[in-house]
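Comments concern the structure below.
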Amino acid sequence: MSKGITSRSEDYSKWYNDIVQKADLAENSGVRGMMVIKPYGYAIWEKIQAQLDKMFKETGHQNAYFPLLIPKSYFSKEASHVEGFAKECAVVTHYRLKNSPDGKGVIVDPDAKLEEELIIRPTSETIIWSTYKNWIQSYRDLPLLINQWANVMRWEMRTRLFLRTAEFLWQEGHTAHATQAEAWTETTKMLDVYAEFAETWMAMPVIKGAKSASERFAGALETLCIEALMQDGKALQAGTSHFLGQNFAKAFDVKFTDQSGKLDYVWATSWGVSTRLMGALVMAHSDDNGLVLPPKLAPIQVVIVPIYQKIEQLEIIRTEVNKITEQLKIKGISFKFDDRDSQRPGFKFAEYELKGVPVRLALGPRDIEQGTIEVVRRDTLEKSVVQQVGIVEYIEKLLEDIQQNIYQKALNFRNENIRKANSYDEFKTILNEKGGFILAHWDGTPETEEQIKSETKATIRSLPFEYEKEEGICIVTGKPSERRVLFAKSY
RNA sequence: CGGGGCAUAGCGCAGUCCGGUUAGCGUAUCUGGUUUGGGACCAGAGGGUCGCAGGUUCGAAUCCUGCUGCCCCGACCA
């Protein structure tokens, strides 16, 4: 169909790579595992950031910035945290280069070895909590609600554009509270923020739940997550919110005096989403013609393509287009009038489909004569000719429809791909033949979880909130279980 | 980090097995013209340290060694 894009049925991974690269979202760089986010891709990330940032501020958080480099000694203070991240940390050992004696380039100066090595942050709990120690003395300093937008680095074995890169962009919220209850409320509140963002803005349905013990964040007492289903039937963790208890407060000695004068450790949370959301966005809605973007996150919501033979015709069209774009501006709808003479209309149509622009308008001599305009919506590729009168209201409504429609489509797909399995055989059959989410009983032990993982490659994505308790027996061991949990193969 | 594949013009590739003119093809780019309602056509032009570093040879894109990067499959993760 489309030039140069592998179809999903042919090779899903290749399709994903083709879209990311050909829609100009990102490309691989000269550095292993690290990508360049291109202007069009970054524009989408900026929209994601802007909305999330607004939501964080609305829930009382402030932004701050902490250092990229973390002293190695900080890292060892919280035992399970080290264990979780040690294997993938980049380490800075020297602070100077010098000219190579053989005259070929530069070498690390062996005389410039650091006394204490520095870790490039894989996450910032340690540097932040060592700082919070100085910021918190009394209950009056609480709650402390901080977020930072930053890059982090995790030395990944195998990387994929947006989904897993060695360096990625994210936000990380780090909060401190006087009581356990308040910290727990914060943990669930931020998960709700993520879920709302995913569904309302990304048009991507998610399932909220809690991670099993083995999938928890290193150092957390509880990890909550939102899980989304991709078109190939694999699950993607789209955001996490951690209840850290008093682990980091104890590790970094962060105490406060409560109203009765008693000294106690503070309660903590952390929560984050990353540029991985970009990967989720691509896989949630796109088709074999290219990217499909939800209008709320599309850098260009409406593209206008003029169709003309002579330059005089273009000028007439331009006058008509200006009338429309002035109104679009007032409505806050972003647009692009593509008057490039170097490409023909057909080329432009294909190009904007590839880039996922939600609405395309085409205006030619025939329309000028008849007072009409051609409107094509990206999600269904449906083409209609409508009157120019009232076109802006029509577009406004159409953008809402598209946002709704792609959400509904993704929701239907997701719902059709949640299945219950009542035996291990059934579980395996569903997994191999259909994929998707599987709800099944599990005895609650890490051993059984591990056995299922090694035998089927499926993992427990979460203990989902939205499914009620139900007595049953574990599909593997036959032991009693009080609820079904959510399994899937995942990214 | 293990197994497999790949690296030649911006992009996609041929040439490599079997060393030998000036390294080709498609596409993109630039110029001029004709075109423009679903990826236009004609004519001309520019563009290469053949991934990097060594080696063999009269001669290397081609043979040998090392390195780097990318892709796919595994072990680990947001």
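In what follows, every chain begins at residue 1, and chains take the letters A, B, ... in the order their sequences are listed.
For A:Pro365, counting side-chain heavy atoms from C-beta on, the closest listed nucleotide (B:rC72, B:rG39, B:rG37) is B:rG37. Among the nucleotides B:rU35, B:rA78, B:rA75, the one closest to the side chain of A:Arg158 is B:rA75. Candidate nucleotides B:rA75, B:rG39, B:rC72 were compared by shortest atom distance to the side chain of A:Lys457, and B:rA75 ranks first. Here the nucleotide nearest the side chain of A:Glu156, chosen from B:rA78, B:rG37, B:rU29, is B:rA78. With B:rA78, B:rU36, B:rC71 as the choices, the nucleotide that has an atom nearest any side-chain atom of A:Arg344 turns out to be B:rU36. The A:Lys87 side chain lies nearest to B:rC76 when the options are B:rC76, B:rG38, B:rG39. Counting only heavy atoms from C-beta on, A:Arg154 has its side chain closest to B:rA78 among B:rC72, B:rC70, B:rA78.
As the counterpart of B:rA14, no nucleotide is assigned, since no Watson-Crick or G-U wobble pattern has both distances under 3.5 Å. Pair assignment for B:rC1 gives B:rG74, based on Watson-Crick or G-U wobble hydrogen-bonding distances that are each under 3.5 Å. The partner of B:rG38 is absent, by the rule that a Watson-Crick or G-U pair needs both atom distances under 3.5 Å. In this structure B:rU62 sits in no base pair that meets the Watson-Crick or G-U test at under 3.5 Å. Remark: B:rU56 base-pairs with no nucleotide in the shown strands. Criterion, Watson-Crick or G-U wobble with two distances under 3.5 Å. Across all strands shown, nothing is found opposite B:rG46 as a Watson-Crick or G-U wobble partner with both distances under 3.5 Å. Across the strands present, B:rA9 finds no partner; the criterion is a Watson-Crick or G-U wobble pair with both atom distances under 3.5 angstrom. Base pairing of B:rU22: no nucleotide in any strand meets the Watson-Crick or G-U wobble criterion (both distances under 3.5 Å).
Taking atom P in both B:rA28 and B:rG10, one finds a spacing of 16 Å when rounded to whole Å. B:rC64 and B:rU27 are spaced 35 Å apart, taking the P atom of each and rounding to whole Å. B:rA45 and B:rC50 have their P atoms separated by 24 Å, given to the nearest Å. B:rU31 sits 49 Å from B:rG74 when the P atoms are compared, rounded to a whole Å. A gap of 14 Å separates the C1' atoms of B:rC52 and B:rA61, to the nearest Å. Straight-line distance between the C1' atoms of B:rG46 and B:rG32: roughly 15 Å, to the nearest whole Å. Separating the P atom of B:rG4 from that of B:rU49 is a span of 31 Å, rounded to the nearest Å. For the P atoms, the distance linking B:rG24 with B:rA9 amounts to 14 Å, nearest Å.
For A:Ile307 and B:rU35, the CD1 to P distance is 18 Å, given to the nearest whole Å. Rounded to whole angstrom, the span from the CD atom of A:Glu27 across to the P atom of B:rG12 amounts to 11 Å. Residue A:Ile311 contributes atom CD1, which lies 13 Å from atom P of B:rU34 at whole-angstrom precision. Distance CZ (A:Arg276) to C1' (B:rA78): 4 Å, rounded to an integer number of Å. In this entry the distance linking NE2 of A:His242 with P of B:rA78 reads 8 Å, nearest Å. Rounded to whole angstrom, the span from the CH2 atom of A:Trp170 across to the C1' atom of B:rA78 amounts to 8 Å. Rounded to whole angstrom, the span from the NZ atom of A:Lys310 across to the C1' atom of B:rU34 amounts to 14 Å. Regarding A:Tyr12, its OH atom lies at a distance of 14 Å from the P atom of B:rC72, rounded to whole Å.
A:Thr165 comes within 4.0 angstrom of a base, heavy atoms only. Heavy atoms of A:Leu163 sit under 4.0 angstrom from at least one base atom. A:Gly33 comes within 4.0 angstrom of sugar-phosphate atoms only, judged by non-hydrogen atoms across all strands, and of no base. Within 4.0 Å of A:Lys453, counting heavy atoms only, lies no atom of the nucleic acid at all. Nucleic acid contact class of A:Pro306 (heavy atoms, under 4.0 Å, all strands): none. Within the nucleic acid shown, A:Gln237 comes within 4.0 Å of sugar-phosphate atoms alone, with no base atom in reach, counting heavy atoms only. Using a 4.0 Å heavy-atom criterion, one finds that A:Thr240 contacts no nucleic acid atom at all. Within the nucleic acid shown, A:Asn17 comes within 4.0 Å of sugar-phosphate atoms alone, with no base atom in reach, counting heavy atoms only. Counting non-hydrogen atoms under 4.0 angstrom, A:Phe217 reaches nothing in the nucleic acid. Nucleic acid contact for A:Arg360: base, since at least one base atom lies under 4.0 Å from a heavy atom of the residue. Contacts of A:Gln313 with the nucleic acid, taken as non-hydrogen atoms under 4.0 Å apart, are absent.
The 12-atom threshold is exceeded at NZ of A:Lys47, counting heavy atoms of other residues, nucleotides or ligands nearer than 6.0 Å. When the shell of 6.0 Å around CH2 of A:Trp155 is examined, it contains 12 or fewer heavy atoms from other residues, nucleotides or ligands. Annotation: A:Gln370, atom CD; neighbour count of heavy atoms from other residues, nucleotides and ligands within 6.0 Å is above 12.
For B:rG37, its base sits under 3.5 Å from the side chain of A:Asp367 at one donor and acceptor pair at least. With hydrogens and angles ignored, no donor-acceptor pair closer than 3.5 Å exists between the side chain of A:Lys348 and the base of B:rG37.
Using a 4.0 Å cut-off between charged side-chain N and carboxylate O, A:Lys310 and A:Glu315 make no salt bridge. A salt bridge is defined here as a Lys NZ or Arg NE, NH1 or NH2 lying under 4.0 Å from an Asp or Glu carboxylate O, and A:Lys57 with A:Asp53 meets this definition. With respect to the salt-bridge test (charged N to carboxylate O, under 4.0 angstrom), the residues A:Arg154 and A:Glu167 do not qualify. Under the 4.0 Å criterion applied to side-chain N and carboxylate O atoms, A:Asp232 and A:Arg8 are not assigned as salt-bridge partners.
Positionally, the nearest nucleotide of RNA chain B for A:Glu351 lies more toward the 5' end than for the other of A:Glu351 and A:Arg160. Both A:Asp11 and A:Glu167 sit near RNA chain B, but only A:Asp11 has its closest nucleotide nearer the 5' end.
Between B:rG37 and A:Arg366, no contact under 4.0 Å exists linking OP1 or OP2 to a side-chain N or O. Using a 4.0 Å cut-off, no side-chain N or O of A:Asn289 falls inside it from OP1 or OP2 of B:rG38.
For the pair A:Lys208 and A:Phe465, the cation does not sit on the ring face, since its NZ or CZ is not both under 6.0 Å from the ring centre and inside 45° of the axis.
Sequence neighbours left out, the pairs with a member in residues 211-245 of chain A that pass ring-ring contact (aromatic ring centres under 6.0 Å, His included) are A:His81-A:Phe217, A:Phe85-A:Phe217, A:Trp184-A:Phe243, A:Phe217-A:His242.
A:Glu196 is linked by a side-chain contact (heavy atoms from CB on, under 4.5 Å) to A:Met55, A:Thr200, counting only residues two or more places apart in sequence or in another chain.
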